Amino acid sequence: MDQSPALSSLPEAQPKQRLIRRTLALFHGALKELASPKERRNPYLDGLRTIAVLLVINGHCSDTIAAAFGSNAYTRFPLEPNGWIGVDLFFVLSGFFIGSQLWRELDKTGTISFKNFVIRRGLRIWPLYFFIFICVSLLLPGLAAAKQHGWSDLVFLTNYLPHGIVLGGWSLCTEEQFYLLAPAALLLIGARSKRSYRWGLGLLFVLEFVVRAVTYHAHTGHLFVRSPAAFEILYYPFHTHCDGLIAGLFISNLASVKSERPAMRRPWLLVLAGFVVMLAAKWFQPETLDFTGLALFFGALVWWGTQKNIRIFDSRIFYWFSRLSFGMYLIHPYFIHLFVDRLAPLLRPHLGASASTALCAALLAVFAALVSTVTFCLVEHPFLVLRTAILRRRATPRLVAT
């Protein structure tokens, strides 16, 4: 007698059901983490990270619309052509968070485990980064083939060979190089106390400006001549654009010494001073002083958040954007033209040039956040769980038979 269709399809249905259940379990665990902010987090820093990624997305979208349809009042607003400063804010925040981990480990163990550090940062950054690399290589072969140095993404050198497959990957390469050099630099400084490290970090900050000034003079023959082309040369390499990372590392050192946290009664004065320095640097010599001024201003903003309980960013939406900011930064460049070429022409006749540009930028940010939610659930979160398990296993003392 013939077997019924329901019974005959059962063996094939079971693997599919298991796959669906596992996928749903992945989404459930990841979404639960996104919906449950950690108790020890600083909402103010989540807000700064949200501002950073929105600055970058908004700047890229506005620049693309201005190139396609011409500039308008919105694209000429000072923050629009300068949306790249969001990357410098990312640098300061990255330096601060990485430094906080290093100082904490130094307090607990008296040394820095380079292996643990690589596990923490590698399993946070590499999965999504290489996932994007593979997706672009397979799904956008025309874009990948047009790049001259796609291999530079694999070895994190796109900031020196700026034709990688991962759009915007140069800043990730800068951070990866910082992740390798920061522990080595701290071990090389070899100070006796955390306070003593500040002299070395301050010297590195000054040295970074000197290297940039010497590089600029070598290309222009003059320190005070304006040269946008030379600015491009300074923008991408690590050795001329890591001021924010050093500043974040320095601030994390200050914040790690609890006795010094209430040292400044009016930290907003430091923010005001940083803002004045940033404007003065941009007016006096933007090519060589821009990154220094931005590092000081954003560093003052971060320090302010460690001094005061600022409640302006307490909403969970900032935590959500903060957790997804890495994915949003990597993913949004591939969808800009979808909004600029398809949506902007439909909105411009009804809303006008400025309003349609603002709406396209906002919708691009929301769309990037939604796509990043999916990649967080499927790609990032599983490796974060793996990272927690590995570090917990390494921290557990092993029993030795006697």
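All residue numbers in this chain count up from 1 along the given sequence. Computation of the quantities below employed the complete heavy-atom set of this structure, encompassing side-chain atoms and omitting hydrogens, waters and symmetry-equivalent molecules. Owing to the predicted nature of the structure, the values given are computational and were not obtained by experimental measurement.
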Going by the side-chain hydrogen bond (donor to acceptor under 3.5 Å, both in side chains) test, which pairs reach into residues 373-386, not counting sequence neighbours? Glu33-His381, Arg124-Glu380

Closer than 3.5 angstrom, by distance alone: can the side chain of [X] be matched with the main-chain N or O of [Y] as a donor-acceptor pair?
X	Y	result
Tyr44	Leu301	yes
Ser227	Ala230	yes
Thr75	Ser71	no

His332 vs His60 aromatic rings, parallel, tilted or perpendicular, using cut-offs 30° and 60°? parallel

Option from Thr292, Asp290, Thr288 for which side chain to side chain donor-acceptor pair (under 3.5 Å) with Arg212 holds: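 In the set Thr292, Asp290, Thr288, the residue that makes a side chain to side chain donor-acceptor pair (under 3.5 Å) with Arg212 is Thr292.
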
Test salt bridge (Lys or Arg N to Asp or Glu O under 4.0 Å) applied to Arg342 - qualifying residues, sequence neighbours left out: none

Please name the pair of heavy atoms, one in [X] and one in [Y], separated by the smallest distance, quoted to 0.1 Å.
X	Y	result
Ala353	Asn72	O-ND2, 3.6 Å
Val87	Ser171	CG1-CB, 4.0 Å
Leu89	Leu48	CD2-O, 3.4 Å

Judged by modelled atom types alone, do Asn159 and Tyr235 share a side-chain donor-acceptor pair under 3.5 Å? no

Under 6.0 Å between the ring centres of Phe291 and Phe91?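 No - the distance between ring centres of Phe291 and Phe91 does not fall below the 6.0 Å cut-off.
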
